[in-house]
Participant: 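For reference, the structure I am asking about is given below.
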Amino acid sequence: MKRVITYGTFDLIHYGHINLLRRAKALGDYLIVGLSTDEFNWNEKHKVSFFSYEQRKELLEAIRYVDLVIPEENWDQKSKDVKEYHIDTFVIGDDWKGKFDFLKEDCEVVYLPRTPEISTSQIKAELKGSDN
Ligand code: C2G
């Protein structure tokens, strides 16, 4: 069984996220998502998600491509996760291209093209604009 892992905040889940998760799952048989905790988002990514970790976890677990959701608590856990979960392939959007090449020692590293014209920040901005 080929095991794949990816990481992200996945807030206000949208078709860009789904496109990523669908292609990630197509690279193997079992997909793990390292979901950024609220603390990690705030302390390290300086972004506040609309939905809490538990809400974002519930949403991801309802997606057919996702087999397991684990917390992403820091930038440095990926190598440990790859070993602990016997990962064959790490995958993430190409906005991160090159950033995780160090994982090539332990698994295949794949950067997938992002879906254009959709982002959580864009959704938030448009919703904010429609309030006025
Ligand atoms: N994504 C995409 N197309 C979009 C938006 C997002 O392919 N239009 C992908 C991103 O490239 C990422 C995943 O969807 O692979 C999740 O996106 P975010 O929730 O924005 O995750 P990010 O903040 O990039 O966190 O340690 C890695 C980080 O946790 C990644």
Side-chain angles (χ1 to χ4, degrees):
M1 177 165 74
K2 200 166 174 202
R3 302 163 69 86
V4 182
I5 197 165
T6 190
Y7 294 81
T9 298
F10 294 99
D11 191 32
L12 297 181
I13 199 103
H14 54 66
Y15 62 87
H17 297 135
I18 301 299
N19 280 343
L20 188 286
L21 294 170
R22 185 184 64 253
R23 288 174 294 162
K25 182 59 176 281
L27 294 172
D29 310 288
Y30 189 85
L31 175 62
I32 300 176
V33 177
L35 182 61
S36 308
T37 61
D38 297 329
E39 297 75 15
F40 180 58
N41 274 329
W42 178 246
N43 296 329
E44 299 296 328
K45 294 181 175 180
H46 311 299
K47 58 182 179 181
V48 179
S49 57
F50 182 83
F51 289 123
S52 69
Y53 174 81
E54 284 308 320
Q55 290 167 326
R56 289 182 284 118
K57 181 171 185 282
E58 193 177 339
L59 285 161
L60 279 174
E61 288 171 340
I63 296 170
R64 69 172 69 176
Y65 308 120
V66 177
D67 295 291
L68 176 68
V69 178
I70 62 171
E72 180 187 30
E73 296 169 304
N74 59 70
W75 293 111
D76 305 321
Q77 69 182 76
K78 294 182 178 68
S79 297
K80 177 179 68 68
D81 290 345
V82 166
K83 295 182 183 75
E84 187 175 327
Y85 292 96
H86 310 291
I87 298 298
D88 300 288
T89 304
F90 165 88
V91 58
I92 199 161
D94 62 3
D95 44 321
W96 292 92
K97 192 160 183 60
K99 295 289 192 308
F100 301 113
D101 287 354
F102 64 89
L103 290 170
K104 285 180 179 175
E105 292 170 33
D106 302 311
C107 66
E108 183 189 12
V109 174
V110 175
Y111 299 102
L112 294 171
R114 268 175 75 93
T115 301
E117 285 118 44
I118 181 79
S119 70
T120 302
S121 44
Q122 178 192 345
I123 294 169
K124 285 181 177 177
E126 289 188 26
L127 286 173
K128 199 176 172 82
S130 64
D131 283 351
N132 298 335

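Order of listing sets the numbers, starting from 1, for every ligand and every atom in it.
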Participant: Who are the side-chain hydrogen bond (donor to acceptor under 3.5 Å, both in side chains) partners of Trp42, not counting sequence neighbours?
Facilitator: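 Partners of Trp42 by the side-chain hydrogen bond (donor to acceptor under 3.5 Å, both in side chains) criterion come out as none, since no residue qualifies.
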Participant: Parallel, tilted or perpendicular, judged at 30° and 60°: which one describes the rings of Trp75 and Phe40?
Facilitator: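 The arrangement is perpendicular - the two ring planes meet at more than 60°.
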Participant: Give every donor-acceptor pair under 3.5 Å between a side-chain atom in residues 91-100 and any protein atom, sequence neighbours left out.
Facilitator:
{"from": "Asp94", "atom 1": "OD1", "to": "Arg114", "atom 2": "N", "distance (Å)": "3.2"}
{"from": "Asp95", "atom 1": "OD2", "to": "Arg114", "atom 2": "NH1", "distance (Å)": "3.0"}

Participant: Mind checking what residues have non-hydrogen atoms under 4.0 angstrom from ligand 1?
Facilitator: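 Contacting ligand 1 under 4.0 Å are Tyr7, Gly8, Thr9, Phe10, His14, Gly16, His17, Leu20, Ser36, Lys45, Lys47, Glu72, Trp75, Lys78, Ile92, Gly93, Asp95, Trp96, Arg114, Thr115, Ile118.
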Participant: Anything under 3.5 Å between a donor and an acceptor, one on a side chain of residues 24-36, the other on a protein residue two or more places apart or in another chain? List them.
Facilitator:
{"from": "Lys25", "atom 1": "NZ", "to": "Asp67", "atom 2": "OD2", "distance (Å)": "3.0"}
{"from": "Asp29", "atom 1": "OD2", "to": "Lys2", "atom 2": "N", "distance (Å)": "2.5"}
{"from": "Ser36", "atom 1": "OG", "to": "Gly8", "atom 2": "O", "distance (Å)": "3.1"}
{"from": "Ser36", "atom 1": "OG", "to": "Lys45", "atom 2": "NZ", "distance (Å)": "2.7"}
{"from": "Ser36", "atom 1": "OG", "to": "Glu72", "atom 2": "OE1", "distance (Å)": "2.8"}

Participant: For the backbone of Lys47 and the side chain of Asn41, can you confirm whether one donor and one acceptor N or O come within less than 3.5 Å of each other?
Facilitator: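 Checked: no pair found.
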Participant: For the backbone of Phe51 and the side chain of Arg56, can you confirm whether one donor and one acceptor N or O come within less than 3.5 Å of each other?
Facilitator: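 At least one qualifying donor-acceptor pair exists.
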